[in-house]
Protein chains: 2
Amino acid sequence: MDDSLLFNNFAKHISLTKAEEKYLKTLFEYKVFKSKEFLIQQGEISKQSAFVLNGCLRGYTIDSNGFEHVLSFAPKDWWIADMYSLLSQKPGNLNIEAMVDTEVALISKTNQDKMYEKVPKLERFFRIIIEKSLVAYQQRLNDNLSLTAQERYMKFCKTYPQLINDIPQKQIAAYIGVTPEFLSKLRAKQARTK
Amino acid sequence: MDDSLLFNNFAKHISLTKAEEKYLKTLFEYKVFKSKEFLIQQGEISKQSAFVLNGCLRGYTIDSNGFEHVLSFAPKDWWIADMYSLLSQKPGNLNIEAMVDTEVALISKTNQDKMYEKVPKLERFFRIIIEKSLVAYQQRLNDNLSLTAQERYMKFCKTYPQLINDIPQKQIAAYIGVTPEFLSKLRAKQARTK
DNA sequence: ATCATTTCTTAATCTAGGTTAAGTATTTTC
DNA sequence: GAAAATACTTAACCTAGATTAAGAAATGAT
């Protein structure tokens with residue numbers, strides 16, 4: 001499987017020697033998930049982080065009324081994990097599911113810890129990745145506190161132009177925090193006034 | 001100023017030699033902020049991270065209608081920064097303000113970068129701190145997507161029992177995402193049914 | 001190609017939470 | 001310790017977004 005995307009991703013923040021790359025390759029497992037297959041499901045203890053080589057994943061929770069809430073989409077070149085479960089080694093409440101057939105590079109928690117010992121600069125790499133992720137979640141929380149549904153939808157369209165046409169509208173609704181019916185209404189209104 | 005809390009905080013995830021501690025002390029600046037004084041204000045480019053030795057800070061944004069939204073409270077033993085502005089070195093939209101007279105240890109971005117070079121295990125320390133913070137924001141976003149205002153308030157009370165009586169109720173409202181009037185209504189209803 | 005399933009739309013009705021406004025504590029300041 | 005400022009409460013009314021329901025469009029499976 002072609003993992004050049006993974007190593008280009010590393011190269012964005014640190015530079016690895018050929019030897020380090022070779023060592024790293026041994027720590028990852030490459031796998032294809034069919035559309036609608038789960039990488040993990042709520043209630044399980046998460047054992048690995050995933051990097052998307054191709055396709056798209058989504059991380060979502062299901063609340064006590066059975067409604068889904070999308071915490072993140074992971075198109076190609078993105079990292080995704082149930083950080084809560086992975087760190088605490090307690091059962092998580094995140095489902096990570098393939099939205100289409102998806103190629104991923106997986107690294108187990110054990111191997112990730114080994115990796116930090118052997119190649120400490122990866123500690124920096126993941127610090128930076130996580131910092132960026134933190135900023136994005138802070139921003140999104142702030143948007144949920146301060147913007148209307150309409151504004152959140154417009155922002156989503158601007159931020160993820162490539163996803164808009166590729167993923168079902170109800171998933172976007174579950175991401176911005178409205179019902180599919182209301183998003184449909186918003187879009188109809190937007191189309192009318194354009 | 002007594003900075004033992006800071007070094008106990010480091011000790012939760014890494015162990016430092018006496019020499020390292022001594023070096024680190026030179027990188028921090030100790031400062032007292034009077035109640036209502038700002039560490040940073042929106043529009044400024046953030047230059048430092050803060051650790052609270054005593055007192056309490058709050059990080060909040062002001063939206064286009066003039067409403068405040070609290071992104072985080074930082075009581076003693078907490079780290080706080082405008083991560084977006086600090087990382088991007090662009091003007092931020094976070095205000096960090098002292099809620100009472102507050103002692104903080106400040107480290108500049110420059111010194112933090114130096115620190116990573118000189119004592120690489122701090123890279124690990126901050127990776128872990130940021131991982132935990134990420135998990136907390138994810139959880140909170142999920143709560144905002146899936147819980148009612150009443151449930152979010154009850155969860156806040158359970159999570160921050162020490163803050164409940166120390167901070168104004170309108171700040172809690174601005175944290176859980178409702179108006180002060182509505183929170184007051186919730187509390188009245190809760191008191192009635194108890 | 002056809003049937004079944006899923007997704008999207010529209011519309012009527014409902015409700016959690018917002019707005020406005022006025023009054024009552026509680027702090028802060030001098 | 002009085003006046004001013006801020007925080008909290010209550011209540012009437014309002015609205016963004018939810019719910020319910022039913023039909024239309026698109027997708028998928030055989």
Side-chain angles (χ1 to χ4, degrees), chain A residues 34-37 55-56 58 60 62-70 73 97-101 143-157 163-194, chain B residues 34-37 55-56 58 60 62-70 73 97-101 143-157 163-194:
Chain A
K34 290 254 158 221
S35 182
K36 294 187 183 163
E37 245 188 289
C56 192
R58 65 188 250 265
Y60 66 97
I62 300 177
D63 71 26
S64 56
N65 300 310
F67 290 104
E68 294 184 0
H69 305 282
V70 174
F73 292 112
E97 188 186 323
M99 301 182 73
V100 294
D101 294 0
D143 289 347
N144 275 283
L145 292 172
S146 57
L147 302 181
T148 63
Q150 164 114 259
E151 292 167 322
R152 274 177 275 140
Y153 177 62
M154 284 177 357
K155 197 156 181 181
F156 182 89
C157 292
L163 286 181
I164 286 297
N165 299 310
D166 284 6
I167 70 185
Q169 213 165 287
K170 59 180 284 202
Q171 308 291 3
I172 299 175
Y175 181 98
I176 64 176
V178 295
T179 58
E181 292 84 354
F182 189 69
L183 178 55
S184 187
K185 197 152 113 184
L186 282 184
R187 284 165 45 87
K189 188 162 58 173
Q190 233 166 25
R192 238 178 294 123
T193 57
K194 227 186 274 171
Chain B
K34 290 255 157 219
S35 182
K36 297 192 182 160
E37 245 187 290
C56 191
R58 65 188 251 265
Y60 67 96
I62 300 177
D63 70 24
S64 55
N65 301 310
F67 290 106
E68 293 184 2
H69 305 283
V70 174
F73 292 112
E97 189 186 322
M99 301 182 74
V100 294
D101 294 358
D143 289 348
N144 274 282
L145 291 172
S146 57
L147 302 180
T148 63
Q150 164 114 259
E151 292 167 323
R152 273 176 276 140
Y153 177 62
M154 285 173 3
K155 196 156 182 182
F156 183 89
C157 294
L163 287 182
I164 286 297
N165 299 311
D166 284 5
I167 71 184
Q169 210 166 288
K170 60 180 284 203
Q171 308 292 2
I172 300 175
Y175 181 97
I176 64 176
V178 294
T179 57
E181 292 86 353
F182 189 68
L183 178 55
S184 186
K185 198 152 112 185
L186 282 183
R187 283 166 46 88
K189 188 162 60 175
Q190 233 168 25
R192 235 176 296 124
T193 57
K194 226 185 276 166

Task: B/Pro168 side chain near B/Met99 side chain, heavy-atom distance below 4.5 Å - done: yes
Task: Nearest-0.5 Å distance that lies between atom CD in A/Gln150 and atom CE in A/Met154 - done: 6.0 Å
- [ ] Calculate, to the nearest 0.5 Å, the distance between atoms CD1 and CZ belonging to A/Ile172 and A/Phe73 respectively.
- [x] 6.5 Å
Task: Those residues that, when tested against A/Lys36, pass salt bridge (charged side-chain N to carboxylate O under 4.0 Å, His left out) (two or more places apart) - done: none
- [ ] For B/Asp63, check side chain to side chain donor-acceptor pair (under 3.5 Å) against everything at least two apart and list the hits.
- [x] B/His69
Task: Under 4.0 Å protein heavy-atom contacts per nucleotide of nucleotides 7-25 of chain D, with B for base, S for backbone only and - for none - done: SSBB------BBBBB----
- [ ] Please examine the side chains of B/Gln171 and B/Tyr60, heavy atoms only from C-beta on, and report whether any two atoms are closer than 4.5 Å.
- [x] no
Open item on the list: For chain A and DNA chain C, what are the first and last nucleotides along the strand, 5' to 3', with at least one atom under 4.0 angstrom from a heavy atom of the protein chain?
Closed with: C/dT7 to C/dT10
Open item on the list: Rounded to the nearest 0.5 Å, what separates atom CZ in A/Phe182 from atom CD1 in A/Ile176?
Closed with: 9.0 Å
- [ ] Go through the structure and list residues passing salt bridge (charged side-chain N to carboxylate O under 4.0 Å, His left out) with B/Arg58, not counting sequence neighbours.
- [x] B/Glu68, B/Glu97
TODO: Starting from the first five and the last five pairs of the helix from C/dA1-D/dT30 to C/dC30-D/dG1, work out the angle between the resulting helix axes, to 10 degrees.
DONE: 70°
Task: From CG (A/Asn65) to OG1 (B/Thr148), nearest 0.5 Å - done: 9.5 Å
TODO: Give a yes or no on whether the backbone of B/Ser35 and the side-chain of B/Asp101 come within a donor-acceptor separation of less than 3.5 Å.
DONE: yes
